[in-house]
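Heads up, the thing below is written out as structure tokens.
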2 protein chains.
Amino acid sequence: MRITITDVARESGVSASTVSRVVHDNPRISDETKSRVRETMERLGYFPNALARGLAKSSTGNLGLILPNSSENLFVNPFFIEAMRGIGVEAQSRGYNIMFSFSNNEDEEVGFIRNYIKSRWVDGIILLTSRKNDRCMAYLRKKEFPFVVVGRPDKADSTLWVDNDNFHAVYDVVNLLIDRGSRSMAFVGGPEDFSVTRDRLSGYKQALSIRGLKEDSGLIGFGPDFSESGGKATMQALLTERRPDAVVTTDDYIAFGVIDALLEVGLDDIAVVGFNNTLRGRYQTPTLTSVDVNPAELGAGAAALLIDKVTRREGASDHRIIDTVLIERDSTSGILLKSGRKKPGE
Amino acid sequence: MRITITDVARESGVSASTVSRVVHDNPRISDETKSRVRETMERLGYFPNALARGLAKSSTGNLGLILPNSSENLFVNPFFIEAMRGIGVEAQSRGYNIMFSFSNNEDEEVGFIRNYIKSRWVDGIILLTSRKNDRCMAYLRKKEFPFVVVGRPDKADSTLWVDNDNFHAVYDVVNLLIDRGSRSMAFVGGPEDFSVTRDRLSGYKQALSIRGLKEDSGLIGFGPDFSESGGKATMQALLTERRPDAVVTTDDYIAFGVIDALLEVGLDDIAVVGFNNTLRGRYQTPTLTSVDVNPAELGAGAAALLIDKVTRREGASDHRIIDTVLIERDSTSGILLKSGRKKPGE
DNA sequence: AATTTCAAAGCAAGCGTTTGCACACATTCT
DNA sequence: AGAATGTGTGCAAACGCTTGCTTTGAAATT
């Protein structure tokens, strides 16, 4: 027989309400009673039933995590598992549990969110990507349900968000490339409706203008996704019109595709930069200069923000910016050598 | 105001119990009533409260997932995210939710399990690794709580499990290497208390003996973990005594370490095989022959088994074997070339 | 015509907590 | 001494659903 609050109450000669108040350390209960009740709880091995508690308080202490439509490349990317870890660790340390679901498309995502909300499993929801006109966000806003998004939201309202300073991250990349001698730098991004793509593009444009280089729309391309094949195709299209001396991309996998496209036409002296500091970028040939976006911190920040919100903590801010780290490797050392060996002297 | 089962009842002129029975499609309710009630539910947008339901049924429809102590290398390994995906997809398709937690050590794991069970958040638990004398398993058995483990359990009792046929997987690898000409084959495994290590070792021994090669304990080593550095150190130790012509490992990362150790002493003609078919193995130099263990299938199988169990489905078996696929690449093509180019003619 | 059988639906007691309000008693103030 | 505070607990009504047992009325059986 499972032991309940009434067992504890009977056993320590008080009412169930008193036991409940002891559990919550209510100041109206005398220290004497508290310690007596606590001793009984200990002895009986009492543990509150989360469901009953949730029902009574109408709040669960769970957060829902929506993983984006899993085009395969999203899962070879350690970004997500790292973000999940950040979320998990932060949530655990504050007594929250995480429920997750995998979806195949935006419809399914909305379906899961709907289910989480309506069945009252969770107190808040974490979205792991930010898109323009995101239907998940629209739904959550309509329902006025607490949520946080990793990435800058499309609309500037009270939405909680956590993101890198993508503008500055790219700004630094562009400066590095200019310092390395680039005069005609291309930009190959993911889909244009992701805020991360748009932010990085504007960092690119700003930096060019500040350094006195002309922006050229012929040097800017957007892929259909964040995949290697998408990056390759985009680069190939771009190459029919222009011959850049460096390429800034918004993801390592896009960068791999770009490098592929370049090498295929014999261009092995073009600098390429990726984002997300993937493992493959560290081992492939050439090793890839990349921006580490600190996914675990992004996740932890998101969880923290959301928990602050649902616990109505005072003075909680509505966003958080996570630092990035630019990691320079061979792909910007001056020459893309097929052999992958570092250019001597760089 | 949130709408409840009584609202639906009132609105369609029946009792709450009837509505509940309609929701569960109880045959004792007439079709006429069912359709009337369903129409009302639709119109009102009724959605059952999962907490209340769980409290009444004392079951939640949630499963708990315990991710192993996160030594970093476990997370660069796509095995886990893939397994999670398999679990998630299977669970979702059967109306179950997944809660997960990250732990840093076995104590924490047991703590999370205890919490899941005692607070009654979940109906069953999935363990993602199987160790000898695992305290999690011991605890779960003591509590008689339903769980499933990925990997063969240490004790042969009624424990649910799903695993590859590690014995045969290694058996095939050994045969391949012998066919390629190996006569002195080493085995470098992970920690000996993981059942996966022990199973693969016995496959190795069997295959050797069947093919008429002598087993040599000097050719067998176990690393402290599944990491690159561990693999390297183990191989280095082994090399002080022996000079094998091929190495079977139990993980790609161990294999990377092994290759490193070999190349450092100038041995570039030794065949090496890994497990888990990691991305890095596909791109590094040389590309690595590896066994794909189908992590998503392992995860899905685990979820399926556990759900069958907690729903007391008839005829549910207690384990499931998932096929592996041996993927041959350059590292067994005869010579480990530093350039990573395929040996011509192989 | 009286009795049995059966289908369909309702009653009410849980499931285990939380919490506003009431209550009893002991202090302190006029 | 009577009134006003304060302090520590208990009562009982939620929270929203499930389910064993009953009831009701009609059809089938003797």
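Below, read A as the first sequence line, B as the second, and so on, with proteins coming before strands; counting in each chain starts at 1.
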Tell me every residue that passes side chain to side chain donor-acceptor pair (under 3.5 Å) with [X], counting only those two or more places apart in sequence or in another chain.
X	value
A/Arg141	A/Asp157, A/Thr159
A/Arg152	A/Asp199
B/Ser15	B/Ser17, B/Thr18
A/Arg135	A/Asp107

* Structure fact -> Within residues 37-51 of chain A, those residues having any heavy atom closer than 4.0 Å to DNA chain D are none
* **A/Lys34/A/Asp25 ion pair, N-O < 4.0 Å** => yes
* Are B/Arg36 and B/Asp31 close enough for a salt bridge, meaning some N to O gap below 4.0 Å? -> no
* Ignoring backbone atoms, establish whether A/Thr4 has a side-chain N or O less than 4.0 Å from OP1 or OP2 of C/dG16. => no
* Would you mind listing every side-chain hydrogen bond (donor to acceptor under 3.5 Å, both in side chains) that reaches into residues 48-63 of chain B, with sequence neighbours excluded? => B/Thr60-B/Asp123
* Asked: Bend angle of the helix from C/dA1-D/dT30 to C/dT30-D/dA1 from five-pair axes at both ends, rounded to 10°?
  -> 60°
Length of the line joining [X]:[atom1] and [N]:[atom2], which is rounded to integer Å:
X	N	atom1	atom2	value
B/Arg53	D/dC15	CZ	P	19 Å
A/Leu55	C/dG14	CG	P	17 Å
B/Lys118	C/dG16	NZ	P	14 Å
A/Arg10	C/dG16	CZ	P	12 Å
B/His24	D/dC17	NE2	C1'	8 Å
A/Arg2	C/dG16	CZ	P	9 Å

* **Residue pairs passing the ring-ring contact (aromatic ring centres under 6.0 Å, His included) test where at least one lies in residues 136-164 of chain B, sequence neighbours excluded** => B/Trp161-B/His319
* Asked: Which residue pairs satisfy the ring-ring contact (aromatic ring centres under 6.0 Å, His included) criterion with at least one member in residues 13-60 of chain A, sequence neighbours excluded?
  -> none
* **Any residue meeting ring-ring contact (aromatic ring centres under 6.0 Å, His included) with A/Phe100, in chain and number order, not counting sequence neighbours** => A/Phe102, B/Phe100
* To do: With sequence neighbours excluded, tell me which residues meet ring-ring contact (aromatic ring centres under 6.0 Å, His included) with B/Phe194.
  => B/Phe226
* Structure fact -> With the side chain defined as heavy atoms from C-beta on, A/Ile5 is closest, among D/dT19, C/dT17, D/dG16, to C/dT17
Under 3.5 Å, N/O pairs linking protein and nucleotides 6-10 of chain C:
{"residue": "C/dA8", "atom": "N7", "partner": "B/Arg28", "partner atom": "NH2", "Å": "2.9"}
{"residue": "C/dA9", "atom": "OP1", "partner": "B/Ser30", "partner atom": "OG", "Å": "3.3"}
{"residue": "C/dA9", "atom": "OP1", "partner": "B/Thr33", "partner atom": "OG1", "Å": "2.2"}
{"residue": "C/dA9", "atom": "OP2", "partner": "B/Ser30", "partner atom": "N", "Å": "2.9"}
{"residue": "C/dA9", "atom": "OP2", "partner": "B/Ser30", "partner atom": "OG", "Å": "3.3"}
{"residue": "C/dA9", "atom": "OP2", "partner": "B/Thr33", "partner atom": "OG1", "Å": "3.2"}
{"residue": "C/dG10", "atom": "OP1", "partner": "B/Ser15", "partner atom": "N", "Å": "3.4"}
{"residue": "C/dG10", "atom": "OP2", "partner": "B/Ser15", "partner atom": "N", "Å": "2.8"}
{"residue": "C/dG10", "atom": "OP2", "partner": "B/Ser15", "partner atom": "OG", "Å": "3.0"}
{"residue": "C/dG10", "atom": "OP2", "partner": "B/Thr18", "partner atom": "OG1", "Å": "2.3"}
{"residue": "C/dG10", "atom": "O6", "partner": "B/Arg21", "partner atom": "NH1", "Å": "3.1"}
{"residue": "C/dG10", "atom": "O6", "partner": "B/Arg21", "partner atom": "NH2", "Å": "3.3"}

